[in-house]
Protein chains: 2
Amino acid sequence: MDIVDRRIIAALRENGRATYAELGRQIGLSASAVHERVGKLEATGVITGYHAVVNPSSVGLGVTALIGIHSTDVADDEDVAAALAQLPEVESCYRVAGDESFVVKVRVATVDDLEHTLGGLRRIGGVARTRTTLVLSTRFEGRPNTSEADAEVNGDDE
Amino acid sequence: MDIVDRRIIAALRENGRATYAELGRQIGLSASAVHERVGKLEATGVITGYHAVVNPSSVGLGVTALIGIHSTDVADDEDVAAALAQLPEVESCYRVAGDESFVVKVRVATVDDLEHTLGGLRRIGGVARTRTTLVLSTRFEGRPNTSEADAEVNGDDE
DNA sequence: GATGAAAGATGTATAAT
DNA sequence: ATTATACATCTTTCATC
């Protein structure tokens, strides 16, 4: 992972459909060199995927909520996490420090669906309580964080 | 927005680098038809972008936190949102209902950086108080939500 | 590791149905 | 809105440095 890899990653975070030729021009490398580097970044798990980002309300998912989940004392959080992963409306799932065990983000069509989802969450074994925060508007989300470009270069792996 | 568009969107959420030819084969359409549909989806703001997803710790961002932000009574939340957007370590920003005004997700390299970021947040005019929840592990994030495929088709726009 | 060449696949515009 | 055509561009492999 050198500076060139970092620049490729930054460019692909900005535009996941950038062609290898485009990337090569952008950073001064041949397309085949970019191709090989990107392949390695994918193979080593640095780049985990490429996704289109969609305006949620255009696909009929106008309701977003953040839900804190309290586990019971006896719960195995791995089991809870696995159960959460089974619910398609749970878009993100974070294991957190504090009195809650997880915070999840759910996206559904209507508040009725949200009610239904909350019922599903509480029916998971090991879930004691939920705390729901309704999202009024998403200002921005999953924005490419470029603060690592400024950070010290720490030769982690590779 | 018909069922074909929805299938294209679902495919591009799964794999944002899928070629038009690939998409066409997948859903039984010519590449040029797919090309035109995708162009319209982009132009009408249904698809807002394509991004590579990166393993955060591989790029030196191993610390994630969810931060609730209380505004002062006199604060203009638009100003607060604008200020939050200026901080590169703030990846996502939600305006929420409840006694907090915003919940943001930040990603930084170290807990020292987190402390620094919190200082920056509290220095924003209109921010009264912050509540930080440290993320221990991200189980999954920004997962393609396919529950709309099951949902009733509601001819919203187009 | 990077390059450049070459073959095949894909992207993109235009015109036609 | 889709298909057909056509040319430019890109992907991918491989010999080479």
Side-chain angles (χ1 to χ4, degrees), chain A residues 1-55 57-60 144 148-149 151-158, chain B residues 1-55 57-60 144 148-149 151-158:
Chain A
M1 272 272 287
D2 59 6
I3 186 71
V4 178
D5 282 333
R6 286 174 191 278
R7 292 186 61 190
I8 291 174
I9 290 167
L12 283 173
R13 290 231 278 176
E14 201 71 47
N15 175 16
R17 277 184 87 78
T19 64
Y20 298 129
E22 226 166 339
L23 293 167
R25 281 191 294 267
Q26 207 168 320
I27 67 181
L29 216 63
S30 69
S32 23
V34 174
H35 181 246
E36 177 153 339
R37 277 174 179 266
V38 171
K40 282 184 186 170
L41 290 170
E42 290 168 355
T44 57
V46 176
I47 294 177
T48 59
Y50 306 88
H51 303 285
V53 177
V54 170
N55 182 348
S57 52
S58 355
V59 292
E148 82 264 16
E152 207 80 11
V153 175
N154 50 352
D156 267 340
D157 59 329
E158 264 247 347
Chain B
M1 271 272 287
D2 59 7
I3 186 71
V4 178
D5 283 333
R6 285 174 192 279
R7 292 185 62 189
I8 291 174
I9 289 167
L12 283 172
R13 291 230 277 175
E14 202 71 46
N15 175 15
R17 277 183 88 79
T19 65
Y20 298 129
E22 228 166 338
L23 294 167
R25 280 191 294 267
Q26 205 167 322
I27 66 180
L29 215 63
S30 70
S32 23
V34 174
H35 179 247
E36 179 152 337
R37 277 174 179 267
V38 171
K40 282 183 185 170
L41 289 170
E42 290 169 355
T44 57
V46 176
I47 296 176
T48 58
Y50 306 87
H51 303 285
V53 177
V54 171
N55 182 348
S57 51
S58 334
V59 293
E148 81 264 15
E152 207 78 11
V153 175
N154 50 352
D156 269 340
D157 58 329
E158 264 248 345

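Note on naming: letters A, B, ... go to the chains in the order of the sequence lines (proteins, then strands), and numbering restarts at 1 for each one.
Protein atom CD1 of B:Ile27 is 14 Å distant from nucleotide atom P of D:dA1, rounded to whole Å. Atom C1' of nucleotide D:dT11 and atom CD of A:Glu42 are separated by 13 Å, given to the nearest angstrom. As a whole-Å value, the separation of B:Glu36 CD from C:dT17 C1' is 14 Å. Between A:Tyr20 atom OH and C:dG4 atom C1' the separation is 19 Å, expressed in whole Å. Spacing between atom CD of A:Gln26 and atom C1' of D:dC10 amounts to 16 Å, rounded to whole angstrom units. Following rounding to the nearest Å, B:Asp2 (CG) and D:dA1 (C1') show an atom-to-atom distance of 10 Å. If you measure from atom CD of A:Glu22 to atom P of D:dT11, you get 8 Å, rounded to the nearest angstrom.
Atom CD1 of A:Ile8 and atom CE of A:Met1 lie 10.5 Å apart (nearest 0.5 Å).
Dashed line: the shortest gap from a side-chain N or O of A:Arg25 to OP1 or OP2 of D:dT9 is not under 4.0 Å. In this model, the phosphate group of D:dT3 is approached by a side-chain N or O of B:Ser30 to a distance below 4.0 Å at OP1 or OP2. Taking only side-chain nitrogens and oxygens, B:His35 never comes nearer than 4.0 Å to OP1 or OP2 of C:dG11.
Nearest heavy atoms, B:Ala11 versus B:Leu23: CB-CD2, 3.5 Å.
The main-chain N or O of B:Asn55 is never found under 3.5 Å from a side-chain atom of A:Thr48 such that the two would form a donor-acceptor pair. A:His51 places a side-chain N or O within 3.5 Å of a backbone atom of B:Arg13 that can act as its donor or acceptor partner. Looking only at distances, no side-chain donor or acceptor of A:Arg17 sits under 3.5 Å from a matching main-chain atom of B:Gly49.
Closest to the side chain of A:Leu29, from the set C:dT3, C:dG1, C:dG11, is C:dT3. You'll find that the side chain of B:Arg37 is closest to D:dT2, out of C:dG11, D:dT2, D:dC10.
Note on B:Ala33: a base of the nucleic acid sits closer than 4.0 angstrom, heavy atoms only.
Side-chain N/O atoms of A:Ser32 and base N/O atoms of C:dG4 include a donor-acceptor pair closer than 3.5 Å.
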